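What follows is a short report on a single structure.
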2 protein chains.
Amino acid sequence: MVSSIDVAKLAGVSQATVSRVLNDPDKVNKPTLDKVNAAIRQLNYRPNAAARSLISRKSGVIAIVSGPLDNPDNAEFTNETIKRIQERGFIAEIHLQDSSNPESVLLSVQNTQAEGIILGSIVIDEIAIAKLKKTGIPLMFFDMEPAANEHTVSLDNRLAGAAAAEYISSLNHSNVGWLGGEPSESHLQLRYQGFQECAKANNMNILRAMAAIDDLDAPLSAMLARKERPTAIIAATDMIAYRAMDFLVDYGYRIPDDISLLGIGNAPLSAMSYMNLSSIGISGDRDIYSDGVDRLVKAIEEGSANKSVEMKYAPVLFERNSTRKI
Amino acid sequence: MVSSIDVAKLAGVSQATVSRVLNDPDKVNKPTLDKVNAAIRQLNYRPNAAARSLISRKSGVIAIVSGPLDNPDNAEFTNETIKRIQERGFIAEIHLQDSSNPESVLLSVQNTQAEGIILGSIVIDEIAIAKLKKTGIPLMFFDMEPAANEHTVSLDNRLAGAAAAEYISSLNHSNVGWLGGEPSESHLQLRYQGFQECAKANNMNILRAMAAIDDLDAPLSAMLARKERPTAIIAATDMIAYRAMDFLVDYGYRIPDDISLLGIGNAPLSAMSYMNLSSIGISGDRDIYSDGVDRLVKAIEEGSANKSVEMKYAPVLFERNSTRKI
DNA sequence: CTGTTAGCGCTTTCAC
DNA sequence: GTGAAAGCGCTAACAG
């Protein structure tokens, strides 16, 4: 490995001058600067990041913890977050959660050299999260409801559930199904709570099917096997709605003619013509990702003394062709 | 920040012993070990990664360079690659390419502390790639055809193009459209070359539309405006095929009744019922991601002296419902 | 403007 | 089995 000492020797200057050329070129005489730069190029020198961050106590890294990227929701979250991280001059380090072993990533990320950690809509293990907090690294939660007093950015999930109920009710559906949301997915539980309260107030009849996204067929079958089928299904996430759509089409249903389908989250795919999924989401002119990353960067720069901020965004209806009035 | 010295003081041992507890617990007496571990927990101590890698000259990081994750192809590539990287005990660092400024990521990744770099199907800037090579960091290209002598993993793109032509010809289509592939996307160019050669040999008539994926409407319109419309369209990637499907449905075509659609790459989404896209891809029992990451890890461990390896995978037809015989 | 020097937190000989 | 001491490559005073 070529070090700044090698460069210094070749350029005939001290090692400190090489360092200056890198960090404060203005403080170096033009001829010296040129000599050093020439040596740097000639030796193909790249400063050692480890040595730098050993001194600066900064890694320049922000870690992201996300679920698998084959879920478009996660892919979007990760994509947008990385972009913001790069824009702000940090490097993004990713830790993917394995659904078969959800807590392991929470454990391994504790050893990260990252200056901040962004957690996407993942399965939470409270104990692991508690340990993570103890590291003192600023945390930022997206679309999650961790134990209080943490930085949070999300759709107002309870309101979103209520908005779903309100909308479906306005379409005259009274016999409705709720699909998805495992106990560990706290944000989906909140969506359901909001939905359920508002649906009750509107005298709607709810069939609820809690289920993992990969295990939707049985609960859907059970729902549709009833004599009184739901005329509308609300999916806890758009991704769940896609799966449901797949299932419903296979079973001969037309959407929305036979059954209305409403998602929550308004994932990008939902707007495509072949999906055309009505959904409850955050208004398109809010940039929750910038808001979240900005807040995290601020927390990093200010040190840990600052108190946490919860940012909740009001739900908006995106009406498309998967729902209809009856 | 709490250092190993703090731990040593609290435990009443030397700093070196703390280090041993971390790296070679067997070489430490049980009572001492317990004392130190207690101190570690009490102080919430986490070893400084920068100091460690300064000595070991290892960062334990592998960088991934990919296009935006809103493209499912990229999301799949990134997802699978990260998984393999994690499984092998490395940390994944991601650099996303911005389509409006494709070379900037190639420049910024040169400053990475990563021990290896994996490049997904991105837009290549030859000069930037050349500079990247000069860093001496082992490189691994997925689905790309960089200037020779680099580690490479990919579908045999030329053969895949030929297989597409062969298949479409077997379905009796003779008037066909080819969609997508910009000059900078070398792997797509190869697909087209293979297709074109084989199509010619089968006396097929080709309408070719080179276009960026976000700019498909005009070339598709032009293609379909002709008196002799193609009866089949081959998309350079599955993602392009999805967009085309979207467009075709909008314009009143039924697939495959009015027009057959064939993708290349066999992206996971293609197998979903609502897509059901026939595609040419790599056999499902090959794990190209493990192959690629394993090779890269080997290159990292062996040092740079090893010569590069090209892994090309034979194309396989995945016949679904978007294509039909005429 | 440039060189000398002292560490950053850790691993790793080398003594004891 | 444990401690003392020497750096890893770099930045940041401090002199000159």
Side-chain angles (χ1 to χ4, degrees), chain A residues 1-40 43-61 91 110-115 135-137 303, chain B residues 1-40 43-61 91 110-115 135-137 303:
Chain A
M1 166 176 241
V2 29
S3 77
S4 59
I5 296 188
D6 302 320
V7 176
K9 277 184 192 150
L10 179 61
V13 298
S14 78
Q15 183 274 331
T17 299
V18 177
S19 181
R20 273 187 210 101
V21 170
L22 260 35
N23 303 301
D24 234 339
D26 297 340
K27 292 207 184 336
V28 178
N29 254 359
K30 186 79 191 344
T32 324
L33 191 113
D34 291 342
K35 263 193 309 184
V36 174
N37 274 326
I40 286 178
L43 294 178
N44 215 347
Y45 165 75
R46 298 185 314 134
N48 182 318
R52 281 183 157 176
S53 59
L54 179 57
I55 299 169
S56 66
R57 287 124 177 291
K58 293 197 175 98
S59 63
V61 171
I91 287 171
Q110 289 177 47
N111 302 316
T112 188
Q113 84 273 39
E115 298 179 51
T135 62
I137 304 174
Chain B
M1 165 174 241
V2 28
S3 75
S4 58
I5 296 187
D6 302 320
V7 175
K9 276 183 192 151
L10 179 61
V13 299
S14 79
Q15 183 274 332
T17 299
V18 177
S19 181
R20 275 187 208 101
V21 170
L22 259 37
N23 303 301
D24 234 339
D26 298 340
K27 291 208 184 337
V28 178
N29 254 1
K30 185 79 192 339
T32 324
L33 190 111
D34 292 341
K35 264 192 309 185
V36 173
N37 273 326
I40 286 177
L43 294 178
N44 215 346
Y45 165 74
R46 297 186 314 134
N48 182 317
R52 281 184 156 176
S53 60
L54 178 57
I55 299 169
S56 66
R57 287 124 179 290
K58 293 195 174 103
S59 63
V61 171
I91 287 171
Q110 289 177 51
N111 302 317
T112 187
Q113 83 272 39
E115 298 178 52
T135 62
I137 303 174

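All values reported here derive from a predicted model rather than from experimental measurement. All values below were derived from every heavy atom in this structure, side-chain atoms included, with hydrogens, water molecules and symmetry-related copies excluded. Convention: sequence-line order gives letters A, B, ...; per-chain numbering from 1.
Phosphate contact (OP1/OP2 of D:dC10, side-chain N/O of A:S19, threshold under 4.0 Å): absent. Regarding contacts with the backbone of D:dT2, a side-chain N or O of B:T32 is found under 4.0 angstrom from either OP1 or OP2. Under 4.0 angstrom from either OP1 or OP2 of D:dG9 there lies at least one side-chain N or O belonging to B:R57. Not one side-chain nitrogen or oxygen of B:S14 sits closer than 4.0 Å to the OP1 or OP2 atom of D:dT2. Here A:T17 reaches the OP1 or OP2 of C:dG3: one of its side-chain N or O atoms lies under 4.0 Å away. At C:dC10, none of the side-chain N or O atoms of B:N48 fall inside 4.0 Å of OP1 or OP2 (strictly under the cut-off). Checking the phosphate oxygens (OP1, OP2) of D:dT11, a side-chain nitrogen or oxygen of A:R52 falls inside 4.0 Å.
Atom CD in A:Q113 sits about 16 Å away from atom P in C:dG9, given to the nearest Å. Remark: C1' of D:dT2 and NZ of B:K35 are 10 Å apart, rounded to the nearest angstrom. What separates CD1 of A:I5 from P of D:dC10 is a distance of 8 Å, to the nearest Å. Atoms CD1 (A:I55) and C1' (D:dG9) sit 7 Å apart, rounded to a whole Å. Distance CZ (B:R46) to P (C:dC10): 11 Å, rounded to an integer number of Å. Look at NZ on B:K27: it is 16 Å from P on D:dG3, rounded to the nearest Å. Atom P of nucleotide C:dT13 and atom CG of B:N23 are separated by 12 Å, given to the nearest angstrom. Going from atom CG of A:D24 over to atom P of D:dT11 covers 11 Å, rounded to whole Å.
Nearest to the side-chain atoms of A:S3 among the listed nucleotides C:dC10, C:dG3, D:dG9 stands D:dG9. The side chain of A:A16 lies closest to C:dT4 when the candidates are C:dC10, C:dT4, D:dG9. Ranking C:dT11, D:dT2, D:dG3 by closeness to the B:V13 side chain, first place goes to D:dG3.
Where A:A51 and B:D26 meet DNA chain D, the nucleotide closest to each residue was compared, and B:D26 sits on the side nearer the 5' end.
Side chains of B:I137 and B:E115 form no contact here, defined as non-hydrogen atoms less than 4.5 Å apart. Contact annotation: the side chain of A:L22 approaches that of A:Y45 to within less than 4.5 Å [non-hydrogen atoms, C-beta and beyond].
Contact of B:R20 with D:dG3 (side chain to base): a donor-acceptor pair of N or O atoms is detected under 3.5 Å.
Contact record, A:Q110 with A:T135: O-CG2, 4.3 Å, taken as the closest heavy-atom pair. Nearest heavy atoms, A:N44 versus A:V2: O-CG1, 4.2 Å.
Listed for the A:S59 side chain is a donor-acceptor partner under 3.5 Å among the backbone atoms of A:Q113.
No engagement by B:V18 is indicated, since no non-hydrogen atom pair under 4.0 Å with the nucleic acid exists.
Looking at A:S53 and A:S56, their side chains never bring a donor and an acceptor atom within 3.5 Å of each other.
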